[in-house]
Every structure is written in C-alpha cells, then in structure tokens.
Amino acid sequence: MNVYALVHGRILDALKTLQAEGALPAGLDLSSIEVVPPRDPAHGDLACNAALVLAKRANMKPRAIAELAAGKLRADPDLAKLDVAGAGFLNLTFRPAFWQRIVSAILQERGAYARADIGRCEKVDVEYVSANPAGPMHVGHGRGAVFGDALANLLAFVGYEVTREYYVNDAGAQVDALARSAFLRYREALGEEIGEIPAGLYPGDYLRPVGRALAREHGPTLLNLPEERRLPLLRETAVAAMLAIIKEDLAALNIKHDVIFSERSLTEGEDEVAETIAELRRKGLVFQGRLAKPKGHDDADWEDREQTLFRSTAFGDDVDRPLMKSDGSYTYFAADMAYHRNKLSRGFRHLINVFGADHAGYLTRVKAAVAALSDGKADLDIKVCQLVRLFRAGEPVRMSKRAGTFVTLRDVVDEVGRDPVRFMMLYRKNDAPLDFDLAKVVEQSKDNPVFYVQYAHARAKSVFRNVRDVFPQMCEEAAEVAGADLSPLQEPGEIELMKALAAFPHLVEGAARAHEPHRLAFYLYDLASAFHTQWTKGNESPHLRFIQAHDGKLTAARLALVRANAQVLAAGLAIIGVHAPEEMR
RNA sequence: GGUCCCGUAGCUCAGCUGGACUAGAGCAUCUGCCUUCUAAGCAGAGGGUCGCAGGUUCGAAUCCUGCCGGGAUCGCCA
C-alpha cells in the first residue's frame with residue numbers, strides 16, 4: 001500500500017467528479033499533479049499541488065480550484081483537517097486511524113510492502129564494476145560495485161527483470177603487459193633473479209602466485225617458446241587468475257554478476273566488432289576522415305592521419321571517434337560499441353552503465369553509440385561514481401603502489417567488514433566525491449550511520465525478547481501482534497513513526513526511477529531516527545514504553561508498530577545489501 | 001582550449017528531479033536527560049545573501065545563459 005498513490009487517486013477522483021459536474025473544464029491534463037509530504041509540518045501530513053498545476057490549463061484561479069476540490073474531499077472520513085493554503089495548496093491532515101491502517105497493511109504485506117511494478121517485468125541490464133583484470137580492485141572500484149549492486153537490487157524490487165553484468169577488458173595492450181609481468185614472475189619462480197620490474201609492467205606481488213603456478217605446470221618449457229606462442233597462454237592464465245581475485249573481492253561484498261562478458265569474445269569466431277562497424281557504415285555513420293589535434297595538452301606522438309571514424313557528432317558528441325588504431329587493431333571504443341550492440345541483440349531496451357569518475361569523458365560517445373545502434377529505441381543511463389578518498393580518524397591514508405602501501409578494496413573489507421563498506425558507499429550521492437573513514441565506520445556510536453541504522457533494527461528485535469517475560473504469547477509472529485487493534489496508537493511520536501513507515505513505497509519508487517539507491521540509505525537513517533526518538537521517550541515517560549505490563553491491548557498495538565518498523569528497516573537494508581542484525585552486543 | 005561533474009551553516013552532506021513568509025540533517029560549539037524496554041541513545045540553542053550575475057515561471061537551491069572557483073577527461077590506455 002502506497003499512501004501517496006492512494007491519496008493521489010482520491011484527489012484525482014474528486015477532480016474527475018468536478019469535471020463531470022461541469023465545475024471544471026473537461027479534458028484537462030491531470031498529469032504532474034503530485035502528493036508529497038510538505039517540508040513544514042504545519043502544512044499537514046500531505047500536500048497536493050493540483051490547483052496550481054491546473055490553474056493555467058483550466059484558465060481559473062488556483063484557489064478557486066482548490067476550494068472546489070476541497071469541497072469534494074471533505075467528505076473523506078480519513079481526513080482530520082483539510083486546508084486550502086498559500087497560493088492554492090491542498091493541505092491534508094489525516095486521523096490516526098488512517099496511519100494505523102498503513103501499519104496493518106505493512107504487517108500483512110510483509111516482504112511485499114513497497115514492492116512495485118514499475119518495471120513490468122521488462123529486462124534491464126546493469127553493467128557495473130568492469131574493472132580491468134590486471135590486479136585486485138581498489139576502493140574506487142568498490143564504490144561502483146556497491147552502487148551497481150544496490151541499484152540492481154532496487155530495480156528488481158520494483159519489478160524489473162535485472163541482469164547484472166561485468167565487462168572484462170581482456171583484450172588490448174594492458175593485458176599483454178599483464179602477460180609479460182606474469183612471465184617475469186614465472187622466471188622468478190624458476191629461480192632466476194629478475195631485479196626491478198620494468199616500467200609499464202605490473203609490479204604487484206599478486207602476480208607471484210601466477211608465476212609459481214606457471215612454473216609448476218610447465219616447468220621451464222615456456223622459456224624457449226617464441227613470444228607469439230607464449231603470450232596467448234600467459235594472457236589466458238594471468239587474466240583467469242586476476243578474474244578469480246576480483247570475483248573473490250566481489251564475493252567479500254556479497255556481489256555476484258549474472259554475466260561476465262569477455263571483450264576478447266567479441267572477435268573470437270565471428271568478428272562482432274567488424275559487423276558493428278559494417279552496420280554503422282550502412283547507416284552512413286562510419287567514414288574515413290581526419291581529426292584535429294587535441295588542444296591543451298602536449299602530445300608529442302601526435303601524427304595527422306586519415307582514419308576510420310564513427311560520426312558521434314551526429315548524436316551530440318563534440319568530436320567524431322576513431323575505431324581503428326594506427327596498428328590496424330580496433331580501439332577500445334569500437335569493441336565497446338560491439339559490446340553494446342550485443343546487449344541490444346540479447347533483447348535489452350533498458351541499459352544502465354556504472355562508470356568511475358575517470359570515464360566521465362567517455363559518456364557521450366557511448367550514448368551516441370547506443371542511440372545509433374538501437375535507432376533510438378533503447379535507453380542508456382550512465383551513472384558516474386566519483387572518487388573515494390580513504391581516511392583513518394580524519395587523516396588521509398597515503399598510498400603508493402611503489403612503496404607497497406597501496407590499500408586495496410579487500411584490505412578495507414577485511415578491516416571494517418562488509419556492512420560498513422556497503423552502507424557508506426551509498427551514504428553519498430554517486431556523483432559526489434566520498435570520504436571513507438576506516439576508523440569512523442566501525443565506531444559503535446550515533447556518529448556512525450551504519451551502526452545507527454543497524455542498532456535501530458536490533459533495538460526493535462530486543463523489544464520482542466523482553467516482552468516474553470510479561471506477555472509470553474506476544475512473540476513477533478503472533479496473531480495477537482499482527483492482528484492487533486491499532487487504535488491505541490495515538491501518541492505524536494507513534495504517529496510520526498507511522499508516517500515515516502508510510503513514506504517507504506514512495507521513496508523506493510522515486511529512488512528506482514532516478515536510479516539513485518543512495519536515497520534508501522538516507523531514508524533508513526531518518527526512519528531509524530524516528531524509532532530511536534520514540535524509544536528514548538520511554539526512558540523519560542514510562543507510559544510511552546512499548547511494553548506496558550498492565551495493558552495487553554496497548555502493548556500489542558505498540559508491538560505491531562515496532563514489528564512494522566523492524567520489517568521496513570530490514571527491507572530497506574536488504575535492498576542496499578546490508579545485514580539487519582538481531583542484536584548488537 | 002573543448003566536454004562532463006561539483007560549488008548549500010565552521011566541517012561533511014541531503015534537498016524526493018520547480019512549490020509555500022522561518023532552505024534541512026549530522027559533526028563541531030553551548031545547555032539539559034541514565035534507581036535504563038541496550039544513554040552504543042534522546043531533547044534543546046546558536047550558526048547559511050543555497051559560488052556570482054542575469055533570464056524563464058504564479059513560484060527557482062532546483063530549469064536556461066554567461067562568468068568565478070574545484071575535480072575528471074580530451075586519437076594510437078582501458
């Protein structure tokens with residue numbers, strides 16, 4: 001049950017009645033009428049802008065429309081108060097019984113509460129992480145990983161058929177560098193003194209096990225192989241090993257993709273990149289041309305030459321993009337176009353890519369590619385996650401690959417745990433930079449939002465542990481609780497809590513439409529706050545405690561509220577992938 | 001130089017994609033609340049010309065334009 005949708009419907013009905021009676025013009029566009037909680041509580045529980053939106057379309061004064069609508073709505077028995085305020089806002093205040101029914105609905109619907117069907121089972125592909133298989137993931141990757149995973153959860157929750165996808169860049173020069181680095185480690189494992197790892201190769205220790213494995217399996221035979229025969233084998237071994245590390249890193253965050261898509265597979269067998277270029281050529285979007293030398297940074301290697309270009313400027317890009325390198329191989333972008341064409345061929349019309357900040361400049365051309373390849377029939381949303389800066393108790397964590405002080409994602413997860421990492425990565429809008437403090441996120445205090453939210457859930461659960469001594473029959477699953485008469489819930493703090501619970505479906509829907517899972521984290525913080533507030537009031541005023549030993553009816557009603565609260569906290573935490581603990585001691 | 005992102009209280013950030021004369025949280029500062037359903041919490045106070053200047057609108061932190069400041073990126077890396 002979604003209160004906002006419910007009230008929205010009632011207001012639309014009132015407006016339609018007015019139209020039928022001739023008080024309002026027929027054929028009015030009733031879209032963009034919104035029901036929202038007003039910022040100022042003095043403006044009631046919910047406010048509606050219908051009169052302001054319709055004024056111009058109906059050629060009437062907003063207040064006149066508002067008064068007409070109010071006349072119809074006043075008969076609503078759920079309303080305690082209905083004001084026409086300001087320029088023509090409808091301010092609605094509801095009776096407690098209205099909010100109490102929401103609590104009943106939450107308990108009945110259980111895990112289905114706030115689920116929606118805005119996805120209508122349509123397929124959506126969420127591509128996230130897509131880190132190069134060149135080593136362990138860093139913290140920045142982790143942000144994209146958590147963001148993408150939570151977004152995928154959220155979209156699944158509102159009725160999309162979600163595919164979680166990882167694009168492995170297992171082609172190109174970087175992979176060759178990885179293979180050569182692994183070869184050095186192989187020689188090292190055979191007892192050779194390899195000295196310093198040359199610049200351009202990967203110096204990390206994580207390649208040592210790869211070298212040892214190669215030595216175990218092949219002995220010295222690889223040494224005498226010509227490089228063109230050795231390299232493919234090294235590539236495959238090294239990429240597989242790196243991918244295994246990355247998958248473990250992701251598993252530590254409870255992240256698992258449905259599809260791991262290999263860039264190399266695009267050109268093995270059928271050359272999908274060539275097919276893609278051919279298709280775009282048929283559409284007149286590929287041509288031979290020259291590019292201007294980029295300004296603003298020195299590029300000594302620049303050579304002016306004719307090359308194969310994709311006409312991305314036809315789709316709002318500021319320059320056309322090359323498809324072939326000077327050595328005749330495909331550019332990364334050409335392969336990526338083929339990859340997106342592949343997604344389209346698998347039936348996806350909704351695509352979402354999660355990028356790191358360093359790919360921000362790449363965004364327009366990918367959108368251009370998808371527009372060109374789908375003839376504008378698919379939508380692509382690209383979410384850019386900004387950088388993560390690591391801190392420890394307020395001090396920046398200095399990192400250097402060379403000095404071996406590089407902190408990986410896995411280091412962080414191992415140190416502070418999965419839940420704090422997941423929560424904090426979402427406790428900031430994706431396009432804002434994020435400061436992650438290793439000390440703060442494990443702190444058990446109200447200054448740590450992860451703890452604060454989890455603690456609210458644990459507290460709710462503790463109420464049910466405590467009630468056993470007084471009303472043994474009122475366990476969490478008991479019919480006495482689920483079916484309790486909720487009319488005793490009249491306290492202002494209780495009403496506030498009920499309103500906060502009622503806001504959840506609207507919040508979920510908005511977050512899903514905007515592709516902004518961070519809203520969940522902020523909502524959960526607010527809900528936890530409403531609960532802690534009511535809890536502490538019980539310390540000062542014993543009659544506000546949830547458990548009232550001499551009043552079973554009141555206790556049952558309050559327990560129903562506590563249970564609904566725990567249920568919504570758990571549901572929200574589940575979407576962002578954070579554990580909802582039973583207790584925290 | 002081009003493009004993209006950001007610029008809201010001393011600090012860190014929300015602001016539901018245009019709404020109400022007093023723009024919200026948290027931290028920090030100051031003042032209160034433990035014979036306790038876990039005070040691992042709660043209540044209150046002070047603090048902001050929403051970077052600047054225009055424009056659109058009944059109405060702008062939110063949309064448009066131009067500046068200023070910070071970051072990312074700019075064929076042959078991925």
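Order of the sequence lines sets the chain letters (A, B, ...), proteins ahead of strands, with each chain counted from 1.
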At under 4.0 Å between heavy atoms, what does A:Leu507 touch on the DNA or RNA strands: base, sugar-phosphate, or nothing? nothing
To the nearest 0.5 Å, what is the distance between CZ on A:Arg143 and CZ on A:Phe436? 11.5 Å
For A:Ala432, answer base if it contacts any base atom (sugar-phosphate contacts may also be present), sugar-phosphate if it contacts only those atoms, and nothing otherwise; contact means non-hydrogen atoms under 4.0 Å. sugar-phosphate
Pairing string of RNA chain B (Watson-Crick or G-U wobble, both atom distances under 3.5 Å; | = paired to other strand) is (((((((..((((..........)))).(((((.......))))).....(((((.......))))))))))))....
So A:Ala357, base contact, sugar-phosphate only, or nothing? Heavy-atom distance under 4.0 Å. sugar-phosphate
Going by atom types alone, do A:Gln386 and A:Asn430 pair a side-chain donor with an acceptor below 3.5 Å? no
Answer yes if the side chains of A:Thr364 and A:Asp317 hold a donor-acceptor pair under 3.5 Å, and no otherwise. no
Contact class for A:Arg321 (heavy atom, under 4.0 Å): base, sugar-phosphate, or nothing? nothing
From the options B:G75, B:C13, B:A25, select the nucleotide whose nearest atom is closest to the side chain of A:Tyr525. B:A25
Counting side-chain heavy atoms from C-beta on, which of B:C42, B:U73, B:G75 comes nearest to A:Asp358? B:U73
Using heavy atoms to find the nearest nucleotide of RNA chain B for A:Gly510 and A:Arg389 separately, return the residue whose nucleotide is more 5′. A:Arg389
Please indicate yes or no: is the ring centre of A:Trp535 less than 5.5 Å from the centre of the six-membered base ring of B:C37, with the two planes inclined by under 30 degrees? yes
From B:C76, B:U38, B:C58, pick the nucleotide closest to the side chain of A:Asn466? B:U38
Looking at A:Phe287, I'd like to know if the NZ or CZ of A:Arg311 sits under 6.0 Å from its six-membered ring centre while staying within 45 degrees of the ring's axis. yes
Do we see a donor-acceptor contact under 3.5 Å between the side chains of A:Asp45 and A:Thr93? no
Out of B:U17, B:A39, B:G15, which has the shortest distance to the side chain of A:Glu516? B:G15
Looking for any heavy atom pair under 4.0 Å, which part of the strands does A:Ala134 touch: base, sugar-phosphate only, or nothing? nothing
Among B:U12, B:A20, B:A78, the one nearest any side-chain atom of A:Glu263 is B:A78
Give one of base, sugar-phosphate or nothing for A:Met584, where a contact means two heavy atoms less than 4.0 Å apart. base
Indicate whether the side chain of A:Asn353 and that of A:His340 have a donor and an acceptor atom separated by less than 3.5 Å. yes
Please classify the nucleic acid contact of A:Tyr427 as base, sugar-phosphate, or nothing, using heavy-atom distances under 4.0 Å. nothing
What nucleotide among B:C42, B:C37, B:A14 has an atom nearest to a side-chain atom of A:Thr536? B:C42
For A:Ala458, which contact category applies under a 4.0 Å heavy-atom criterion: base, sugar-phosphate, or nothing? base
Residue whose closest nucleotide on RNA chain B lies nearer the 5' end, A:Val319 versus A:His518: A:His518
What does A:Pro62 touch in the nucleic acid at a heavy-atom separation under 4.0 angstrom: a base, only the sugar-phosphate, or nothing? nothing
Under 4.0 Å between any heavy atoms, over every strand shown, what does A:Glu443 touch: base, sugar-phosphate, or nothing? Just pick one. nothing
Using the rule for Phe, Tyr, His and the six-membered ring of Trp, do A:Phe89 and B:A20 stack at under 5.5 Å and under 30°? yes
Under 3.5 Å, is there a donor-acceptor pair linking the side chains of A:Thr308 and A:Gln288? yes
Modelled atom types, side-chain donor and acceptor of A:Tyr455 and A:Arg459, under 3.5 Å: yes
Please tell me if A:Asn49 has a side-chain N or O lying less than 4.0 Å from either OP1 or OP2 of B:G19. no
For B:A60 versus B:G54, give the span between their P atoms, rounded off to a whole number of Å. 14 Å
May I ask you to say what A:Lys537 touches in the nucleic acid, namely base, sugar-phosphate or nothing, with a heavy-atom cut-off under 4.0 Å? nothing
